[in-house]
Amino acid sequence: ERTVPCLPADAIVEVTCRLGSAGPEPVSIPPLPLSVSGMVYDAYIFGKLSVDAAIARDRKLVLQAAMAHPAHRDLDYMEKIIDELFSSHKKYLGGFR
């Protein structure tokens, strides 16, 4: 049984636990309302794609990560922000494709 049912089994999340003699046991939660589970899943995808983008040094994945975040839905705006980010921090972001 997954602790947060709307996330993949391998998702790493911070959850409430009960401490017993066998160590911590995560407390499962009931299914979230659809509106909330969608936001939780979007935040998970945002985090996963952000890490994938950093590991792969892939600027396209940076845009995919940004667009996956629940607060970022304007593609043109996000492309401009990412362009500014890469321009402002180019000495730290070498090697991105």
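Numbers here simply count residues along the sequence, with the first being 1. Side chains are part of it too, since the values below use all heavy atoms of this structure and drop only hydrogens, waters and symmetry mates. This one's a predicted model, so the numbers in the text were calculated from it and none came from an experiment.
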Contacts of V36 meeting side chain to side chain contact (heavy atoms under 4.5 Å, CB included) (sequence neighbours excluded), chain-then-number -> L32, P33, V40
List the residues meeting side chain to side chain contact (heavy atoms under 4.5 Å, CB included) with P24, not counting sequence neighbours, and say none if there are none.
C17, L19
Of all residues at least two apart in sequence or in a different chain, which pass the side chain to side chain contact (heavy atoms under 4.5 Å, CB included) check with A43?
none
Verify the cluster assignment for I45 and V62: are they in a single hydrophobic cluster under the rule of side-chain heavy atoms below 4.5 Å apart?
no
Of V4, V15, V13, the one forming a side-chain contact (heavy atoms from CB on, under 4.5 Å) with P26 is V15
Salt bridge (Lys or Arg N to Asp or Glu O under 4.0 Å): which pairs involve residues 19-36, sequence neighbours left out?
none
Between L61 and M67, is there a shared hydrophobic cluster once you connect ILVMFWY residues whose side-chain heavy atoms come closer than 4.5 Å?
no
Show the atom names and distances, to 0.1 Å, of all donor-acceptor pairs under 3.5 Å that link a side chain in residues 78-89 to residues at least two apart or in another chain.
unit_1, atom_1, unit_2, atom_2, d
D83, OD1, R59, NH2, 2.3
S88, OG, E84, O, 2.9

Rounded to the nearest 0.5 angstrom, the CE-SG distance for M39 and C6 is 11.5 Å
So, do I29 and P5 sit near enough that their side-chain heavy atoms are less than 4.5 Å apart?
yes
By the salt bridge (Lys or Arg N to Asp or Glu O under 4.0 Å) test, which pairs, at least two apart or in different chains, include something from residues 30-55?
D42-R73, K48-D52
Taking only residues two or more places apart in sequence, or in another chain, which ones meet P8 in a side chain to side chain contact (heavy atoms under 4.5 Å, CB included)?
D10, A11, Y41, Y44
